[in-house]
Amino acid sequence: MSQLLITGGAGFIGSHTCVILLDAGHDLIVLDDFSNSSAEALVRVAELAGVELGSKRLSLQRADIRQTSALEQLFAAAQSRGCPIEAVVHFAGLKAVGESVQNPLHYWDVNVGGTVSLVKAMQEFGCRTLVFSSSATLYGYPDEVPIKEGAPIQPINPYGHTKAAVERLLNDLAASAPEQWRIACLRYFNPVGAHPSGRIGEDPLGRPNNLFPFVSQVAVGRRPEIEVFGGDWPTADGTCIRDYIHVMDLAEGHRAALSTLLQEPPQVLTLNLGSGHGASVLDVIQAFETACGRPIPHSIQQRRPGDAAITVADPAAAKERLGWSTRRNLHDICRDGWAWQSANPSGYGPGPASA
Ligand SMILES: NC(=O)c1ccc[n+]([C@@H]2O[C@H](COP(=O)([O-])OP(=O)(O)OC[C@H]3O[C@@H](n4cnc5c(N)ncnc54)[C@H](O)[C@@H]3O)[C@@H](O)[C@H]2O)c1
């Protein structure tokens, strides 16, 4: 099996994907600056996969993706050891919509500048297989639901603009050498849940931006109640509907994308990764109450600017191209999310991600 570079591999989605890729037999080099994660996540990834952290199976490089020289050194070192990096799975980036509105320059710098830095190093060392974490955010307010990949790209915040810009960049790059680049832009819907062991999960820095970690932090007593933004949306119960995807399904989607890229001729694959099922905010709260066996206090507030009523993926293309579809439902998501949150009420503990 091949050697892979996983940028942002200590983060929420990266850590779960590392477990799946290690199980598939790949050797991994994780590069992370730990700006939104803890090294403890990788200790637990190693434990779950039955490998040693720091060994050939799973090694760690603390660096910022914007430092092209650090990336070049890493590619050069792998080459000189006789096991060049065959492909990159690129999770490293910033993802908080509100923060991107406050500080767009930082988002463009890390998300777009960081990707430019990465692909420069890849190009220099002849590594031309890349799986990129894109986002359903780039559809903005969708014209039609379920959303197909051909839907208009119309981001409504700087975070979404950076994801659209990176997709553009990767398409331009592939068009310059179509016989060389193998690229997957995976547009995630709403990744949630945790590894079923409860050993790894989502550990957001400070106040969570998304519903699911908020619900689980209220359930565990870290926060008093959830504010539900809008009870008057045009949906059955008046709350927003999203497509929640179990992070283990998402991780398996990365394994499938990587193997399709490595087996097929060079191409750019642009695919939605979602379940195709919508759940309202109240559905999620209710399912989580069932999973944790306690009530979750919540109150309906005014709508929040920038939210769309319903976003649900059409996942048919991923099924057709990758032979992949989700296997876990909202019940599994809440059970596994609660296993993580209840065993780790303060996340990974001391460190930047436990504030
Ligand atoms: N979680 C979601 O809801 C969601 C949805 C769609 C897309 N995405 C994208 O998926 C990717 C992973 O998301 P996640 O939820 O795992 O986030 P995360 O914050 O948990 O993981 C990102 C990782 O990247 C690292 N990182 C950030 N900037 C870096 C830099 N300059 N150099 C090196 N490492 C850096 C962080 O320390 C962290 O470990 C991101 O690109 C995100 O935009 C996430």
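Values reported hereafter were calculated over all heavy atoms of this structure, with side chains retained and with hydrogens, waters and symmetry mates removed. In listed order, ligands and their atoms are each counted from 1.
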Closest non-hydrogen atom pair, Arg222 against Gln341: NH1-NE2, 4.1 Å
How about Trp338 and Phe212: are their ring centres within less than 6.0 Å of each other? no
One residue to check: Val110. Relative to ligand 1, which of side chain, backbone, both or neither has a non-hydrogen atom less than 4.0 Å away? side chain
Please report whether the ring centroid of Phe12 lies less than 6.0 Å from that of Phe91. no
Hey, are Arg321 and Glu149 close enough for a salt bridge, meaning a charged N less than 4.0 Å from a carboxylate O? no
May I ask you to test the Leu269-Leu322 pair for a side-chain heavy-atom distance under 4.5 Å? yes
Atoms of ligand 1 under 4.0 Å from any heavy atom of Ser134, numbered from 1 in the order shown, are 6 (C), 7 (C)
Atom 40 (C) of ligand 1: which protein heavy atom is closest, and how many Å away? Phe91 O, 3.2 Å
When distances are taken from atom 43 (O) of ligand 1, the protein heavy atom at minimum range is Tyr159 OH, 2.7 Å
Nearest-neighbour protein heavy atom for atom 22 (C) of ligand 1, which is reported as residue plus atom name and distance: Gly93 O, 3.9 Å
Report yes if Pro191 has an N/O atom closer than 3.5 Å to an N/O atom of ligand 1; otherwise report no. no
Check whether more than 12 heavy atoms from other residues, nucleotides or ligands sit under 6.0 Å from atom CD of Glu144, and answer yes or no. no
I'd like to know if Glu202 contacts ligand 1, where contact means a heavy-atom distance under 4.0 Å to any ligand atom. no
Would Thr326 and His246 count as having a side-chain donor-acceptor pair, cut-off 3.5 Å? no
What protein heavy atom sits nearest atom 30 (C) of ligand 1, and how far off is it? Asp33 OD2, 3.3 Å
Using a 4.0 Å cutoff against the non-hydrogen atoms of Ser133, which atoms of ligand 1 qualify? 9 (C), 10 (O), 11 (C), 41 (O)
Give me the residue, atom name and distance of the protein heavy atom closest to atom 15 (O) of ligand 1. Lys95 NZ, 2.8 Å
Starting from atom 13 (O) of ligand 1, which protein heavy atom do you reach first, and at what distance in Å? Ile13 CD1, 3.8 Å
Verify side chain to side chain contact (heavy atoms under 4.5 Å, CB included) between Arg242 and Asp307, making sure each step is shown before the conclusion. CA-CA 11 Å; Arg242 295 287 175 272; Asp307 278 338; 4.1 Å; yes
Give the residue and atom name of whichever protein heavy atom lies nearest to atom 19 (O) of ligand 1, and the separation in Å to one decimal. Asn36 ND2, 2.7 Å
Give the residue and atom name of whichever protein heavy atom lies nearest to atom 25 (C) of ligand 1, and the separation in Å to one decimal. Asp32 OD1, 3.3 Å
Does CD in Glu47 sit with more than 12 non-hydrogen atoms of other residues, nucleotides or ligands closer than 6.0 Å? yes
Do any heavy atoms of Gly114 fall under 4.0 Å from ligand 1? no
With heavy-atom distances below 4.5 Å as the criterion, would you say the side chains of Val110 and Thr162 are in contact? no
Does Ala41 have a heavy atom less than 4.0 Å from any atom of ligand 1? no
In terms of atom number and element, which parts of ligand 1 are under 4.0 angstrom from non-hydrogen atoms of Ser35? 26 (N), 27 (C), 28 (N), 36 (C), 37 (O)
Would you call Lys163 and Glu167 a salt bridge, taking side-chain N to carboxylate O under 4.0 Å as the test? no
Gly11, any N or O under 3.5 Å of ligand 1 N or O: yes
Verdict with reasoning, Tyr159 to Glu99, per side chain to side chain donor-acceptor pair (under 3.5 Å): CA-CA 9 Å; Tyr159 168 66; Glu99 192 183 61; over 6 Å; no
Should you measure from each heavy atom of Ala63, which atoms of ligand 1 turn up under 4.0 Å away? 32 (N), 33 (C)
Under 4.0 Å from a heavy atom of Phe34: give me the atoms of ligand 1 that qualify, with their elements. 37 (O)
